[in-house]
Amino acid sequence: MEHNFKPAARRKAREYAMQAIYQWQMTGNALNEIEAQYMATMNSKKVDTVYFQELFHGVLTDLDEIDEVLSPAVDREMEDIDPVERAIIRLSAFELKNRIDIPRRVVINEGIELAKTFGATDGHKFINGVLDKISKALRPHE
């Protein structure tokens with residue numbers, strides 16, 4: 001099967017990964033259970049399922065390191081951040097840190113779009129501020 005790099009399929013992968021991360025944060029259920037549940041419902045023609053898996057596993061396997069990257073940019077404990085926004089900044093931090101092939105602006109814009117769709121009213125401003133700060137630290141030359 002040819003790998004799908006369409007931006008829309010990537011965006012869907014991010015949406016599902018964010019929801020799966022959110023679900024893990026709220027339930028603490030096993031990663032493979034949550035993943036199986038999402039994989040069963042996703043349309044692989046419309047979603048980059050490989051990217052979904054990379055994001056979901058990447059964030060949760062590397063969580064301590066990701067939270068360390070985020071901590072200088074947030075003014076409170078991770079657990080005190082709205083769970084949707086926490087899932088989004090963790091996802092975007094993973095992309096900024098590990099997917100140098102995706103431009104910093106794209107990662108930030110995708111994070112902001114997720115916040116506008118799923119987050120609280122002004123959540124996107126918080127997301128933008130955090131991602132802007134960490135992207136400068138992670139990608140000083142971009």
Side-chain angles (χ1 to χ4, degrees), residues 1-74 77-142:
M1 189 181 95
E2 195 186 318
H3 195 54
N4 187 342
F5 284 116
K6 293 194 188 100
R10 274 268 166 97
R11 175 165 283 176
K12 283 304 229 192
R14 283 186 189 94
E15 281 180 17
Y16 284 119
M18 186 277 293
Q19 291 170 322
I21 292 163
Y22 171 84
Q23 189 176 330
W24 174 82
Q25 290 174 164
M26 300 311 280
T27 65
N29 290 351
L31 300 189
N32 58 348
E33 281 173 32
I34 296 173
E35 181 186 7
Q37 192 188 324
Y38 279 87
M39 292 302 282
T41 57
M42 281 189 275
N43 176 346
S44 60
K45 289 185 176 64
K46 295 201 167 117
V47 182
D48 186 339
T49 53
V50 175
Y51 200 56
F52 161 80
Q53 290 174 301
E54 179 186 331
L55 292 171
F56 180 57
H57 282 279
V59 168
L60 298 179
T61 312
D62 204 12
L63 197 59
D64 291 343
E65 221 173 292
I66 285 170
D67 285 356
E68 227 169 88
V69 164
L70 286 165
S71 78
V74 292
E77 292 301 313
M78 285 306 279
E79 297 309 309
D80 295 336
I81 297 171
D82 171 86
V84 171
E85 292 168 11
R86 194 180 340 140
I88 295 169
I89 59 174
R90 282 173 163 167
L91 177 87
S92 300
F94 172 82
E95 283 191 291
L96 285 168
K97 190 172 157 303
N98 298 297
R99 293 303 304 254
I100 304 301
D101 57 311
I102 302 171
R104 154 180 178 242
R105 286 266 26 111
V106 171
V107 175
I108 294 172
N109 287 337
E110 291 292 324
I112 290 169
E113 286 309 311
L114 283 171
K116 285 179 177 172
T117 307
F118 298 98
T121 311
D122 278 341
H124 66 278
K125 294 177 184 165
F126 168 73
I127 301 283
N128 188 24
V130 170
L131 297 182
D132 197 53
K133 268 186 210 153
I134 65 162
S135 71
K136 289 180 176 133
L138 289 170
R139 301 194 186 177
H141 305 301
E142 203 178 307

Audit row: Ile134, Ile89, side-chain contact (heavy atoms from CB on, under 4.5 Å) steps and yes/no = CA-CA 10 Å; Ile134 65 162; Ile89 59 174; over 6 Å; no

Return each pair, listed once, that meets salt bridge (Lys or Arg N to Asp or Glu O under 4.0 Å) where at least one residue sits in residues 120-130; pairs must be two or more places apart or across chains.
-> Asp122-Lys125

Has the side chain of Arg11 got a donor or acceptor atom that lies under 3.5 Å from a matching backbone atom of Glu110?
-> no

Asp62 side chain to Gly58 main-chain N or O, any donor-acceptor pair under 3.5 Å?
-> no

Can you pull the salt bridge (Lys or Arg N to Asp or Glu O under 4.0 Å) pairs that have at least one residue in residues 127-142, sequence neighbours excluded?
-> Arg104-Asp132, Asp132-Lys136, Arg139-Glu142

Please identify each residue that fulfils side-chain hydrogen bond (donor to acceptor under 3.5 Å, both in side chains) with Asn98, with sequence neighbours left out.
-> none

Under 3.5 Å, which donor-acceptor pairs link side chains of residues 13-21 to any protein atom two or more places apart or in another chain?
residue : atom : partner : partner atom : Å
Arg14   : NE   : Glu95   : OE1          : 3.0
Arg14   : NE   : Glu95   : OE2          : 3.0
Arg14   : NH2  : Glu95   : OE2          : 2.9
Glu15   : OE1  : Lys12   : NZ           : 3.3

Using salt bridge (charged side-chain N to carboxylate O under 4.0 Å, His left out) as the criterion, list what pairs up with Glu85, not counting sequence neighbours.
-> none

Between Ile108 and Ser135, does a side-chain contact (heavy atoms from CB on, under 4.5 Å) hold up when you go through it step by step?
-> CA-CA 8 Å; Ile108 294 172; Ser135 71; 3.7 Å; yes

For residues 29-41, which residue pairs qualify under salt bridge (Lys or Arg N to Asp or Glu O under 4.0 Å), counting only residues two or more places apart or in two chains?
-> none

side-chain contact (heavy atoms from CB on, under 4.5 Å) between Phe56 and Met39, intermediate numbers included | CA-CA 11 Å; Phe56 180 57; Met39 292 302 282; over 6 Å; no

Between Tyr38 and Thr49, does a side-chain contact (heavy atoms from CB on, under 4.5 Å) hold up when you go through it step by step?
-> CA-CA 9 Å; Tyr38 279 87; Thr49 53; over 6 Å; no

